[in-house]
There are 2 protein chains.
Amino acid sequence: MAAKRSGARGKRSRLTSEPVQEPSGESPLSRERIVATAVDLLDAQGLDGLTMRRLADRLGSGVMSLYWHVDSKEDVFDLALDSVLDYRGPPEMAEPQNWRAEIVHMLEDWRAGMLRHPWSASLLPRRALGPNILGRLERMSKILSRAGVADADMNAAIWSLWNYVMGATVTRASFDLSDDDRAAAQQRLTSERYLTIERSRLLLDNDWDGAFRKGLDFLLDGLSRG
Amino acid sequence: MAAKRSGARGKRSRLTSEPVQEPSGESPLSRERIVATAVDLLDAQGLDGLTMRRLADRLGSGVMSLYWHVDSKEDVFDLALDSVLDYRGPPEMAEPQNWRAEIVHMLEDWRAGMLRHPWSASLLPRRALGPNILGRLERMSKILSRAGVADADMNAAIWSLWNYVMGATVTRASFDLSDDDRAAAQQRLTSERYLTIERSRLLLDNDWDGAFRKGLDFLLDGLSRG
DNA sequence: ACCTGAACACCGTTCAAGT
DNA sequence: ACCTGAACACCGTTCAAGT
């Protein structure tokens, strides 16, 4: 928030992806190693499990050594998140012109990538958009314009898909309750006054993937209509 | 996560809303006062600003006194979030049968309520759904079924709207950058290979409210189609 | 039934220093 | 250029005790 005095040492700027020539020497600590280890730690211990001390331990260094390569713990979060979101594109498409299949593929992959690292969902969205996230937005934009979305609607269309994916993913990651938890929640509905959603078993419905796809279809129908 | 030994003192269970008879005595500490003060503190200092010590200070009590009324800091977050989301319904409607206006009103109010307390967006979604959130879901469900959404589509329809609102709100709350930040981000697009979204000025578009409404219309079109 | 202080086992980051 | 330990100013929560 408030600008932090300086930090203007020789670090590379955050979240850029220019090619880095691997030096032949074996620097024991590097941005790349720190980020990769942070992801491992987050996968193993969750969001609260990542502390600078534990991260340094895993890397075999002192805590403060990390701060040469990285600005702050927030910086580590930004980098770890983006590192989990790279996208290599759809498999060879039967019909390369099928924009709808292409966008569904990317968005399902996006969601799946985040759900493989559930901490990433609670981290989103961050102030800083990394190169992988921007790359996905760029790709979406191209597909949508091939699909005939008008320029005037383009930004709203992109953000509506973004919103949908983010909401779905964040929700799915945090509602991963045990069956008992879900049953208890549903139970509560009966005893109080939520009869309609009790009857439709809103909190018991387990088909997250199907619901994601169905809602996405609603939205794409709306986008391509007219 | 792991069940915490007992805590089975005389506390009321979390997040229920049964009527509470106000006793004539003036207990200096109460669940209600704690939650209200937590909201004030969050509004003033943000998510990281809420600590149990600071909360106790504001209430003029010892830290540990809070734990009589509340299970943990997580519990305080659950309660503070739900307390910010109560809904009194739309103003008297010109056409009471206009389901679309009614749902737009509730969802815009939902988003607005959370944006008034920006910390609430980063808190969502939580594992526990409080009574105000459940009440909104119940209301949505009734409106949608009046709108003719089939029972088989109901849960997917509800979650798709939920996803959209959550994604939009969380994003809007965290992207509240200064104009300088946004300009810098947009600048980065030019220098790298994100030409399409650069050209549409995706990161500069300032009309969040308009984009929210537009995307919501896309989704509602899809939901009510056919 | 409700409140308390002391203590425990941690945090992120600053700083001055080492090589 | 890169790494370090000590120190600072905090955390949430357990526990045993008070009234």
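To find a chain, count down the sequence lines: A is the first, B the second, and so on, and within it residues start at 1.
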Same-atom distance ([atom1]) from [N] to [M], integer angstrom:
{"N": "dA9(C)", "M": "dA9(D)", "atom1": "C1'", "result": "16 Å"}
{"N": "dC11(C)", "M": "dA7(D)", "atom1": "C1'", "result": "14 Å"}
{"N": "dC15(C)", "M": "dC3(D)", "atom1": "C1'", "result": "14 Å"}

Item to check | Helical stems, DNA chain C - three or more consecutive Watson-Crick or G-U wobble pairs below 3.5 Å | outcome: C:4-8 with D:12-16, C:12-16 with D:4-8
Checklist entry - Mind checking what makes salt bridge (Lys or Arg N to Asp or Glu O under 4.0 Å) contact with R53(B), not counting sequence neighbours? => result none
Test side-chain contact (heavy atoms from CB on, under 4.5 Å) applied to [X] - qualifying residues, sequence neighbours left out:
{"X": "D86(A)", "value": "R88(A), N132(A)"}
{"X": "T196(A)", "value": "R199(A), E138(B), S141(B), K142(B)"}
{"X": "V76(B)", "value": "A38(B), L50(B), M52(B), L55(B), V70(B)"}
{"X": "V165(B)", "value": "L107(B), W110(B), T169(B), F212(B)"}

Item to check | Side-chain heavy-atom pair V170(A), V170(B) within 4.5 angstrom cut-off | outcome: no
Next on the checklist: Could you check whether any side-chain heavy atom of H117(A) comes within less than 4.5 Å of a side-chain heavy atom of L42(A), counting everything from C-beta outward?
Outcome noted: no
Selection from [options] that lies nearest to any side-chain heavy atom of [X]:
{"X": "W68(A)", "options": "dA1(D), dC3(C), dT13(D)", "answer": "dA1(D)"}
{"X": "M64(B)", "options": "dC3(C), dT4(C), dC3(D)", "answer": "dT4(C)"}
{"X": "S65(A)", "options": "dC3(C), dG12(D), dC3(D)", "answer": "dC3(D)"}

Rounding to a whole Å, what distance do you find between [X]:[atom1] and [N]:[atom2]?
{"X": "I34(B)", "N": "dC2(C)", "atom1": "CD1", "atom2": "C1'", "value": "12 Å"}
{"X": "F77(B)", "N": "dG12(D)", "atom1": "CZ", "atom2": "C1'", "value": "12 Å"}
{"X": "K73(B)", "N": "dC11(D)", "atom1": "NZ", "atom2": "P", "value": "9 Å"}
{"X": "D71(B)", "N": "dG12(D)", "atom1": "CG", "atom2": "P", "value": "15 Å"}

Indicate whether OP1 or OP2 belonging to [N] is found under 4.0 Å from a side-chain N or O atom of [X].
{"X": "Y67(B)", "N": "dT14(D)", "value": "no"}
{"X": "S61(A)", "N": "dC3(D)", "value": "no"}
{"X": "H69(B)", "N": "dC3(C)", "value": "yes"}

Item to check | Of all pairs that satisfy salt bridge (charged side-chain N to carboxylate O under 4.0 Å, His left out), the ones with a partner from residues 103-120 of chain A, not counting sequence neighbours | outcome: D109(A)-R136(A), R111(A)-D209(A)
Item to check | DNA chain D-proximal residues of residues 40-60 of chain B, any heavy atom under 4.0 Å | outcome: L50(B), T51(B), M52(B), R53(B), R54(B)
Item to check | Pairs where residues 157-166 of chain B contributes a residue and the test side chain to side chain donor-acceptor pair (under 3.5 Å) is met, not counting sequence neighbours | outcome: T171(A)-W162(B)
